[in-house]
Amino acid sequence: MSEQDAAKEVKKAEKAKEEKPKDEVKEDKKEEREEGRVSRASAGTSTPEPKPEENGDDSGTPKAITLKEQFRNFSKFGDTKSDGKMMTLSQADKWFKQAKVIDGKTITTTDTAITFNKFKTKKITFTEFEKYLDEISKSKKVDAGSIRNKLKDCGAPGTSGTTSVVKSSAVDRLTDTKKFTGSHKLRFDATGRGKGIAGRKDVPDGSGYVSGYKNKNTYDKTH
């Protein structure tokens, strides 16, 4: 082959390379991008996944309840029709007692009633309730922040602080039916169970047996 023919073949090859189909060019570029990603990942330069707390997810410590949430809980306590936006004096006193804000010495129910009546309404909103707390703390010279913390941390509305049944030997003696005498003794059987109307009135016996007969219902029923 002459030098001219060789030069022509080289030109044809270069021209064919320049006229490479577009699809093949795109495929080559795609492979180059994939190779670049692999190399960055192997080099430790890949983008790290966001931490849960960066997305606002905090599955660790529980969220502390706010004073407003407690206000809503206690304003609904004992009132099925309440929407949690208004609170009565009795509901506020229940809350204060459970939180031990009302202790019978520094702050009493008389103090809370006097302060509550200044609002001249039977129910107050949360905004008015905060003013109510400030009034009490000011008049009784108690730290308002301390009162708020007690109200927030006292837990959900419950029945704590209710009067328990008094138990003593005197009560046991007075309620022991075995020690009853006279007509009171006749109102109870040997086990202490009340006889009802039979223990209070003489009910006539219509069975046909003579009073005091002890062999009732012992006869042979086959005859």
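For this chain, numbers begin at 1 and follow the sequence in order.
- Within a 6.0 Å radius of NZ in K141, other residues, nucleotides and ligands contribute 12 heavy atoms or fewer.
- A donor-acceptor distance shorter than 3.5 angstrom exists from the side chain of T112 to the backbone of T109, with no hydrogens or angles considered.
- Using a 4.5 Å cut-off on side-chain heavy atoms (C-beta onward), K97 and D103 make no contact.
- Judged by distance alone, the side chains of S90 and T88 do bring a donor and an acceptor atom under 3.5 Å apart.
- You'll find the side chain of T66 stays beyond 4.5 Å of the side chain of R72, heavy atoms only.
- Using modelled atom types and a 3.5 Å distance limit, the side chains of D111 and T108 yield a donor-acceptor pair.
- Here the closest non-hydrogen pair linking G84 and S75 is CA-OG, 3.1 Å.
- F129 belongs to a hydrophobic cluster whose remaining members, ordered by chain and number, are L67, F71, F74, M87, L89, W95, F96, V101, I102, I107, F116, F119, I124, F126, Y132, L133, I136, V142, I147, L151; membership requires side-chain heavy atoms of ILVMFWY residues under 4.5 Å apart, directly or through intermediates.
- The NZ atom of K76 sits 10.0 Å away from atom NZ of K85, with the distance rounded to the nearest 0.5 Å.
- When all heavy atoms of I65 and Q70 are compared, the pair lying nearest together is CD1-OE1, 3.5 Å.
- Remark: D79 CG to M86 CE distance equals 11.5 Å, nearest 0.5 Å.
- Of all non-hydrogen atoms in A99 and K150, the two that sit nearest each other are CB-O, 3.4 Å.
- Residues forming a side chain to side chain contact (heavy atoms under 4.5 Å, CB included) with I114 (at least two apart in sequence, or on another chain): T110.
- Residues S137 and D134 share a closest heavy-atom pair of OG-O, 2.9 Å.
- In summary, D153 and K100 do not engage in a salt bridge, as defined by a charged side-chain N under 4.0 Å from a carboxylate O.
- Counting only heavy atoms from C-beta outward, the side chains of K123 and Q91 never approach each other to under 4.5 Å.
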